Peer 1: 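Right, I'll just put the structure down here and ask away after.
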Amino acid sequence: MKAAPFAYHRPDTIDEAVALLGEYGNDAKILAGGQSLVPMLAMRLTHFDNLIDISRVSELNDITAQGSEVRIGAATPHAMVGMDDEIADSVPLLTLATPHIGHFQIRTRGTLGGAIAHADPAAEYAAVALALDVTIEATSPRGRRDIGAGEFFTGLWETSLAADEILTAVRFPVWSGRCGFAVQEFARRHGDFAIAGAVVGIELDDDNRVSRCGIGLLGLGSTPKRATGAEHAVIGTPLGNVTDEQIGEQAMSELSDIPADLQGSAAYRARVGAAMVARAWNQASMEALNA
Ligand code: FAD
């Protein structure tokens with residue numbers, strides 16, 4: 001099957017892209033790497049009269065260290081994110097997450113902004129965005145606004161972006177001090193979306209108490225999730241007070257919409273999810289203890 005006809009627009013600047021969105025409104029859709037949108041168009045699961053291709057907007061393809069944050073342009077491909085030295089030093093959770101996204105070919109076309117704007121519940125970058133509490137920059141004909149990760153993912157493939165807004169960049173906080181990071185997920189075949197997974201960041205104080213932590217969950221709800229209850233249960237406590245398994249169980253107990261499909265029942269996913277959280281917590285803890 002082929003996509004239904006559409007008009008193709010290729011702006012060179014954010015201003016041009018925003019003007020096109022303002023002109024066509026609900027009849028237009030941003031096209032980034034096309035790794036999610038093009039299959040959906042080709043299968044006629046969705047249709048738009050106008051596609052606005054932002055892949056040549058150079059302003060959207062950059063990685064900049066800005067004080068205590070790293071700002072990544074929305075059209076930066078996954079492969080660039082995964083290979084960047086600044087990101088490896090400052091936001092290692094992104095570097096660890098990148099190889100889990102599809103296959104190399106997908107990572108060369110797919111973009112960081114596309115993965116977050118698409119809001120797939122099993123998207124690794126979305127889980128990282130929640131765990132690290134990133135700031136998402138959006139631009140529309142009305143100007144620019146910042147959206148916290150906690151307010152961004154509103155439903156299955158739905159976000160708080162308005163129809164005429166472009167996600168222009170994501171600002172990731174740089175964690176310093178004694179930190180550890182880990183990504184654990186389970187998929188039947190390498191390159192598939194994970195059945196369930198977890199991304200974890202832990203920061204310890206000098207007495208080995210958890211001073212900060214973030215637990216992002218993927219494949220375990222209708223949106224990417226953050227296990228805030230499990231985080232609150234350990235913040236301020238000595239590492240090891242709560243076992244890895246207890247943290248995994250606590251994270252699962254907060255979830256109310258774990259999906260069931262041909263890959264497995266909700267109960268199976270919860271068991272896998274608890275194990276992934278426990279493993280990621282253990283791995284990140286070891287790194288933080290040795291930092
Ligand atoms: P597109 O497909 O171009 O767009 C996706 C959606 O986001 C569209 O609605 C589009 O309008 C919107 N959008 C894109 N950019 C913006 C923007 N800047 N502002 C506003 N809206 C925007 N992803 C994973 O996370 N993990 C996986 O394991 C994984 N496995 C995959 C396996 C296969 C076989 C395939 C085909 C894809 C897989 N993907 C996976 C999806 C892939 O990572 C996509 O690249 C990503 O989800 C979307 O990024 P994109 O740049 O291709 O966006």
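Computed from heavy atoms alone, side chains included, the values below leave out hydrogens, waters and symmetry copies. Remember, it's 1-based here, ligands and their atoms both numbered in the order they're listed. Position 1 is the first residue of the sequence; numbering continues from there. Just so we're clear, the structure is a prediction, and the values are computed from it rather than from any experiment.
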Peer 1: Heavy atoms only: which of His118, Gln35, Lys29 lies closest to atom 9 (O) of ligand 1?
Peer 2: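 Comparing heavy atoms across His118, Gln35, Lys29, the nearest one to atom 9 (O) of ligand 1 lies in Lys29.
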
Peer 1: List the steps, then state whether side chain to side chain donor-acceptor pair (under 3.5 Å) holds for Arg188 with Gln263.
Peer 2: CA-CA 9 Å; Arg188 287 192 199 280; Gln263 304 264 29; 3.2 Å; yes

Peer 1: What are the atoms of ligand 1, with element, lying closer than 4.0 Å to any heavy atom of Ala74?
Peer 2: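 That gives atoms 18 (N) of ligand 1.
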
Peer 1: Counting only heavy atoms closer than 4.0 Å, does ligand 1 sit against the backbone of Leu167, its side chain, both, or neither?
Peer 2: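 Both of them.
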
Peer 1: Near Ile54, which atoms of ligand 1 are under 4.0 Å from a heavy atom of that residue?
Peer 2: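 Listed by number with element: 18 (N).
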
Peer 1: In ligand 1, which numbered atoms sit nearer than 4.0 Å to a non-hydrogen atom of Asp192?
Peer 2: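 It comes down to these atoms of ligand 1: 28 (O).
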
Peer 1: In ligand 1, which numbered atoms sit nearer than 4.0 Å to a non-hydrogen atom of Gly191?
Peer 2: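 Counting from 1, the qualifying ligand atoms are 30 (N), 32 (C).
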
Peer 1: Between Ile87 and Leu60, is there a shared hydrophobic cluster once you connect ILVMFWY residues whose side-chain heavy atoms come closer than 4.5 Å?
Peer 2: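 Not linked; separate clusters.
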
Peer 1: At what distance, to the nearest 0.5 angstrom, does CG of Asp84 lie from OG1 of Thr95?
Peer 2: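 Atom-to-atom, Asp84:CG and Thr95:OG1 are 8.0 Å apart.
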
Peer 1: Kindly identify the option in Trp157, Phe48, Phe193 whose heavy atom sits closest to atom 39 (N) of ligand 1.
Peer 2: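 Selected option, by shortest heavy-atom distance: Phe193.
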
Peer 1: Would you say Pro39 touches ligand 1, if touching means a heavy atom closer than 4.0 Å?
Peer 2: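 No, Pro39 has no heavy atom closer than 4.0 Å to ligand 1.
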
Peer 1: Would you indicate which of Gly113, Gly102, Gly34 comes nearest to atom 28 (O) of ligand 1 when only heavy atoms are counted?
Peer 2: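 Closest candidate by heavy-atom distance is Gly102.
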
Peer 1: Between Lys225 and Asp257, does at least one N-O distance fall below 4.0 Å, as a salt bridge requires?
Peer 2: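 Yes, Lys225 and Asp257 are salt-bridged.
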
Peer 1: Please work out which of the three classes, parallel, tilted or perpendicular, describes the rings of His78 and Tyr125, given edges at 30° and 60°.
Peer 2: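 Geometry flag for His78 against Tyr125: perpendicular rings.
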
Peer 1: What do you reckon, does Ala32 have a nitrogen or oxygen under 3.5 Å from a nitrogen or oxygen of ligand 1?
Peer 2: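 Yes, at least one N or O pair falls under 3.5 Å.
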
Peer 1: Side chain to side chain donor-acceptor pair (under 3.5 Å), that's the test. Do Asp164 and Ser140 meet it? Break it down for me.
Peer 2: CA-CA 6 Å; Asp164 62 354; Ser140 73; 4.7 Å; no

Peer 1: Treat each ILVMFWY residue as a node, draw an edge where side-chain heavy atoms are under 4.5 Å apart, and state whether Ile54 and Val18 are in one component.
Peer 2: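 In one cluster: yes.
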
Peer 1: If the threshold is 4.0 Å, N to carboxylate O, is there a salt bridge linking Glu231 and Arg226?
Peer 2: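 Salt bridge flag = yes for Arg226 with Glu231.
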
Peer 1: Please state whether His78 comes within less than 4.0 angstrom of ligand 1, counting heavy atoms only.
Peer 2: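 Under 4.0 Å: yes for His78.
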
Peer 1: Heavy atom under 4.0 Å from ligand 1: found in Thr168's side chain, backbone, both, or neither?
Peer 2: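 Neither part.
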
Peer 1: Can you sort out which atoms of ligand 1 are near Glu124, meaning under 4.0 Å from one of its heavy atoms?
Peer 2: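 In order of numbering, the contacting atoms are 24 (C), 25 (O), 26 (N), 27 (C), 28 (O).
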
Peer 1: For the 3.5 Å polar cut-off, considering only N or O atoms, please tell me whether Ala122 and ligand 1 meet it.
Peer 2: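 Min N/O separation from ligand 1 is not below 3.5 Å for Ala122.
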
Peer 1: Scan side-chain atoms only and decide if Asn50 and Asp27 contain a donor-acceptor pair under the 3.5 Å cut-off.
Peer 2: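 Absent: no donor and acceptor within the cut-off.
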
Peer 1: What's the shortest distance from atom 51 (O) of ligand 1 to any protein heavy atom, and which residue and atom give it?
Peer 2: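 Nearest protein contact, heavy atoms only, for atom 51 (O) of ligand 1 is Thr111 OG1, 2.6 Å.
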
Peer 1: Provide, to 0.1 Å, the distance between atom 4 (O) of ligand 1 and the closest protein heavy atom, together with that atom's residue and name.
Peer 2: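 Answer for atom 4 (O) of ligand 1: Leu37 CB, 3.8 Å.
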
Peer 1: Quick test of your reading of the model: are Asp206 and Arg178 salt-bridged, counting only N-O distances below 4.0 Å?
Peer 2: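 So Asp206 does not pair with Arg178 through a salt bridge.
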
Peer 1: May I ask whether His100 has any heavy atom positioned less than 4.0 angstrom from an atom of ligand 1?
Peer 2: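 His100: in contact with ligand 1 (<4.0 Å).
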
Peer 1: When rounded to the nearest 0.5 angstrom, what distance separates CD in Glu254 from CD1 in Ile215?
Peer 2: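 It is 8.0 Å, given to the nearest 0.5 Å.
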
Peer 1: Taking atom NZ of Lys29 and atom OG1 of Thr46, what is their separation to the nearest 0.5 Å?
Peer 2: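 One finds 7.0 Å between NZ of Lys29 and OG1 of Thr46.
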
Peer 1: Note the single closest protein heavy atom to atom 21 (N) of ligand 1, along with its residue, its atom name and the distance in Å.
Peer 2: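 For this ligand atom, the closest protein heavy atom is Ala117 CB, 3.5 Å.
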
Peer 1: Looking at Glu137 and Arg71, does any basic side-chain N land under 4.0 Å from a carboxylate oxygen?
Peer 2: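 Salt bridge between Glu137 and Arg71, a charged N being under 4.0 Å from a carboxylate O: yes.
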
Peer 1: So if I count the atoms of ligand 1 from 1 in the order they appear, which ones are less than 4.0 Å from some heavy atom of Ile166?
Peer 2: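 Selected atoms, number and element: 18 (N), 19 (N).
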
Peer 1: What residue and atom, counting heavy atoms only, is the protein's closest point to atom 14 (C) of ligand 1, and at what distance?
Peer 2: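 Protein heavy atom with the smallest distance to atom 14 (C) of ligand 1: Gly114 CA, 3.4 Å.
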
Peer 1: Should you measure from each heavy atom of Gly33, which atoms of ligand 1 turn up under 4.0 Å away?
Peer 2: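 So the atoms of ligand 1 that pass are 3 (O), 50 (P), 51 (O), 52 (O), 53 (O).
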
Peer 1: Is it the case that ligand 1 has an N or O less than 3.5 angstrom from some N or O of Ser36?
Peer 2: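 Yes: some nitrogen or oxygen of Ser36 is under 3.5 Å from one in ligand 1.
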
Peer 1: Does some non-hydrogen atom of Val38 fall short of 4.0 Å from ligand 1?
Peer 2: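 False for this residue.
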
Peer 1: Show, in sequence, the C-alpha distance, side-chain angles and deciding distance for His9 and Asp53, and conclude whether the side chain to side chain donor-acceptor pair (under 3.5 Å) test is met.
Peer 2: CA-CA 6 Å; His9 307 268; Asp53 181 353; over 6 Å; no

Peer 1: Counting heavy atoms only, which of Ile30, Ile14, Val57 comes nearest to atom 16 (C) of ligand 1?
Peer 2: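 Going through Ile30, Ile14, Val57 one by one, Ile30 has the nearest heavy atom to atom 16 (C) of ligand 1.
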
Peer 1: Counting both backbone and side chain atoms, is some N or O of Glu165 under 3.5 Å from an N or O of ligand 1?
Peer 2: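 Checking ligand 1 against Glu165, no N or O pair falls under 3.5 Å apart.
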
Peer 1: Would you say the side chains of Thr168 and Thr139 form a donor-acceptor pair under 3.5 Å?
Peer 2: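 Thr168 vs Thr139: donor-acceptor pair found between side chains.
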
Peer 1: Can you tell me if Ile106 contacts ligand 1 (heavy atom of the residue under 4.0 Å from the ligand)?
Peer 2: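 Checking ligand 1 against Ile106, which is what was asked, there is a heavy-atom contact under 4.0 Å.
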
